[in-house]
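Structure first, then comments.
Predicted model, so just to flag it, every value in this text is computed and none were measured. Index from 1, following the sequence.
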Amino acid sequence: MRHCINCCIHLLPNDLHRQCFRCRGHSHNNQKCPVCKGENRIPLYADSKQMKLLAVLEVRTDHSESWNGFFCLKKGKLCSLIFGLIIMTLVMASYVLTGAKHGLLLIPSPFHYGAFTSNPSLMDNESLSDMKDHYQPSKINISYIKDYPSIKLIIDTITSKIEFITRQRPGLELLRKQEPHMFSVIPNKFLPNSKNPCWYEEYRGNTTTDPYTTNSYALYSKRFRTIFDYLRKVFWNHLYHYKDKHYRLRCLPHFYIIGQPKCGTTDLYDRLRLHPDVRFSAIKEPHWWTRKRFGIIRLRDGFHDRYPVEDYLDLFDLAAHQIQGVLQSEAAKEHSEMNNIIIGEASASTMWDNNAWIFFYDNSSEGEPPFLIQDFIHAFQPNAKLIIMLRDPVERLYSDYLYFASANKSAEDFHEKVAESLQLFENCMLDYSLRACVYNNTLNNAMPVRLQVGLYVVYLLDWLTVFDKDQILVLRLEDHASNVKYTMHMVFQFLDLGPLSEKQEALITKSPASNTRRPEDRSLGPMLPTTKAILRDFYRPFNTKLAQVLFDDAFLWKRT
């Protein structure tokens with residue numbers, strides 16, 4: 001395009017006039033120029049690219065010239081401009097008044113991907129009228145409803161990339177090579193007269209030696225020092241003396257509650273520990289398999305010294321003392337009675353958190369971890385039993401957000417974080433496999449909410465590559481909440497626990513629920529209906545696969 005700009009920019013160099021179309025050259029004459037038409041204009045040349053008016057130049061003018069330019073507008077154009085402004089003002093006033101009449105808050109969403117268009121009909125099984133049934137009109141934010149179609153495109157892209165590919169299980173020799181110290185401490189056989197996996201280990205210290213002086217759990221957490229102070233006092237009373245040597249009983253858990261967070265694992269733990277034959281680690285959630293053995297104390301603090309396996313085993317010493325008392329009782333010696341006490345461990349990160357692998361295992365295959373937690377647990381305990389408590393992943397994510405978010409919590413903020421996390425997950429899926437994205441430390445740390453934790457079937461399928469299906473009990477929080485007695489009976493049967501008296505059973509099943517939502521979080525209300533619709537779409541293919549694997553349509557969570 002070629003432009004001639006009036007003499008209001010006469011301070012520009014005169015040679016700029018030569019760039020005028022049809023006016024170039026030394027013979028240029030203002031009077032003959034078909035563009036300037038005899039007027040004192042200074043032409044400005046621009047290339048063929050589209051040029052924004054405000055991006056051309058800062059023009060210096062005096063006030064008289066500026067006002068002259070303004071009053072030179074034709075009366076018709078000026079009237080049209082004024083008329084347009086009046087119409088626009090009336091339309092906006094009508095729009096705002098209509099919104100106020102219906103109690104709708106017209107605030108634009110601060111987080112959008114592209115140009116969102118409002119199309120509530122695209123929402124699966126949830127129209128705008130359905131949303132009004134769940135929310136008071138004053139709670140609905142129109143801008144968030146507009147988010148749905150655009151975010152639905154992101155979800156469709158993710159869904160098109162989903163492939164549930166069976167992973168290759170690493171061999172035992174590779175595992176030994178990766179963790180030689182662990183294999184040197186834990187034997188491959190346990191005591192035959194104990195239901196729980198235990199063994200005797202020679203203790204080479206003396207009476208003045210503190211067996212827990214270097215335990216990392218005791219060093220880094222003041223909460224557990226009381227427990228270790230007690231263990232120090234009773235330690236020597238529980239040593240087994242044989243042929244001038246001292247032996248201590250070491251134990252691993254018989255069963256693991258492996259997941260998931262915000263799915264009722266604390267309540268299950270609190271009820272199970274009331275059973276007379278069940279003991280737990282001295283710390284509820286050691287997170288040793290997933291974090292502490294890699295030196296992760298708190299996720300936000302980075303890496304510290306790695307916790308050795310001996311520190312983990314120390315957590316079971318209280319239970320080991322009780323098991324040892326049963327094994328060494330006169331009745332057990334005479335009749336070779338079996339010890340029926342079992343130990344459990346309940347870290348809700350065990351099922352899913354393999355984020356540290358990238359820093360320690362360098363022989364990755366296309367971004368996927370070569371070793372997972374379950375590979376090592378199975379190598380030591382091929383007969384271990386695993387309990388998984390699951391919850392509608394949509395509700396789990398919102399509960400997770402309310403629990404871990406520290407400030408500015410709201411349904412709108414949750415919506416924005418979900419949208420951002422979905423886009424990050426989509427970007428990963430465009431280049432990597434589903435498993436690589438699920439176990440991607442960088443991605444998981446970048447997502448504002450933990451979408452990946454709700455992809456239950458991805459983790460379950462990986463656990464099923466090393467453990468048999470009958471070694472894993474999968475429960476739903478919704479069933480547990482509606483019928484505690486039934487789910488606890490399922491757990492007792494799964495763990496082969498003995499019968500209880502009516503009083504013992506009542507104590508376990510009728511106690512109040514643990515770790516419920518905090519009052520201040522309840523006041524925030526539910527998530528936005530649009531957010532729920534988005535998350536339902538995202539988790540649907542994963543829930544469908546989960547229901548197929550478990551042969552139970554309840555895991556579709558259609559009615560929750």
**Report entry** Trp288, Tyr217, Tyr312 screened by ring-ring contact (aromatic ring centres under 6.0 Å, His included) with Tyr307, the one that passes
**Finding:** Tyr217

Between [X] and [Y], is NZ or CZ placed under 6.0 angstrom from the six-membered ring centre and within 45° of the ring axis?
X: Lys409; Y: Tyr401; answer: no
X: Lys385; Y: Tyr256; answer: no
X: Arg306; Y: Phe360; answer: yes

State which residue, out of [options], fulfils the salt bridge (charged side-chain N to carboxylate O under 4.0 Å, His left out) condition with [X].
X: Asp353; options: Arg450, Arg293, Arg291; result: Arg291
X: Asp314; options: Arg250, Arg232, Lys292; result: Arg250
X: Asp392; options: Lys532, Arg536, Arg476; result: Arg536

Which value, rounded to the nearest 0.5 Å, describes the distance between [X] atom [atom1] and [Y] atom [atom2]?
X: Phe492; Y: Arg271; atom1: CZ; atom2: CZ; result: 10.0 Å
X: Leu477; Y: His480; atom1: CG; atom2: NE2; result: 7.0 Å
X: Trp463; Y: Asp375; atom1: CH2; atom2: CG; result: 9.0 Å
X: Ser216; Y: Leu219; atom1: OG; atom2: CG; result: 6.0 Å
X: Leu272; Y: Asp277; atom1: CG; atom2: CG; result: 11.5 Å
X: Thr465; Y: Leu461; atom1: OG1; atom2: CG; result: 9.0 Å

Where do [X] and [Y] come nearest, in terms of heavy atoms and distance?
X: Ala411; Y: Pro526; value: CB-O, 3.8 Å
X: Ala446; Y: Leu424; value: O-CD1, 3.7 Å
X: Ala356; Y: Ile296; value: CB-CD1, 3.9 Å
X: Pro170; Y: Pro370; value: CG-O, 3.8 Å
X: Gly344; Y: Phe316; value: O-CE2, 4.3 Å
X: Phe467; Y: Ile472; value: CB-CD1, 4.3 Å

Report summary line: Exactly one of Leu497, Leu268, Val278, Ile508 clears side-chain contact (heavy atoms from CB on, under 4.5 Å) with Val491, and that residue is Leu268

Between [X] and [Y], is any side-chain donor less than 3.5 angstrom from a side-chain acceptor?
X: Gln452; Y: Tyr459; result: no
X: Asp479; Y: Asn483; result: no
X: Gln260; Y: Thr265; result: no
X: His246; Y: Arg204; result: no
X: Glu505; Y: His489; result: yes

Report task. Show your working on side chain to side chain donor-acceptor pair (under 3.5 Å) between Asp462 and Tyr439 and close with a plain yes or no. Result -> CA-CA 12 Å; Asp462 284 349; Tyr439 294 128; 2.9 Å; yes

Heavy atoms, side chains only, cut-off 4.5 Å: are [X] and [Y] in contact?
X: Phe371; Y: Leu174; value: yes
X: Ile186; Y: Val309; value: yes
X: Glu426; Y: Gln423; value: yes
X: Glu420; Y: Met447; value: no
X: Leu252; Y: Gln381; value: yes
X: Thr350; Y: Ile377; value: yes
X: Ile323; Y: Cys198; value: yes
X: Ile227; Y: Leu315; value: no

**Report entry** Pair Cys428-Asn440, side chain to side chain contact (heavy atoms under 4.5 Å, CB included): steps then yes or no
**Finding:** CA-CA 9 Å; Cys428 182; Asn440 187 310; 4.2 Å; yes

Requested in this report: Assess whether side chain to side chain contact (heavy atoms under 4.5 Å, CB included) is satisfied between Leu495 and Ile342, documenting all intermediate values.
Outcome: CA-CA 9 Å; Leu495 298 176; Ile342 58 174; 4.2 Å; yes

Query raised in the report: Within the distance-only criterion (no hydrogens, no angle test), does the side chain of Glu179 pair as donor or acceptor with the backbone N or O of Arg176 below 3.5 angstrom?
Result: no

Requested in this report: Determine yes or no for a side-chain-to-main-chain donor-acceptor pair under 3.5 angstrom, with Asp468 supplying the side chain and Gln471 the backbone.
Outcome: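 No, because the side chain of Asp468 does not come within donor-acceptor range (under 3.5 Å) of the backbone of Gln471.
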
Query - Check against side chain to side chain contact (heavy atoms under 4.5 Å, CB included), Gln374 and Met351 - result: CA-CA 8 Å; Gln374 51 264 43; Met351 181 179 180; over 6 Å; no

Whether [X] and [Y] hold their rings parallel, tilted or perpendicular, with breakpoints at 30° and 60°:
X: Tyr240; Y: Tyr247; answer: tilted
X: Trp557; Y: Phe555; answer: perpendicular
X: Phe380; Y: Phe183; answer: tilted

Report task. List the steps and the verdict of side chain to side chain donor-acceptor pair (under 3.5 Å) for His181 and Glu310. Result -> CA-CA 10 Å; His181 178 69; Glu310 289 89 345; 3.0 Å; yes

**Report entry** Stepwise side chain to side chain donor-acceptor pair (under 3.5 Å) test for Tyr212 and Asp229
**Finding:** CA-CA 9 Å; Tyr212 304 108; Asp229 286 341; over 6 Å; no

Query - Residue pair Asn543, Val457: steps toward the side chain to side chain contact (heavy atoms under 4.5 Å, CB included) verdict - result: CA-CA 7 Å; Asn543 293 343; Val457 71; over 6 Å; no

Taking the six-membered ring for Trp, are [X] and [Y] closer than 6.0 Å centroid to centroid?
X: Phe542; Y: Tyr456; value: no
X: Phe359; Y: Phe294; value: no
X: Phe235; Y: Tyr203; value: yes

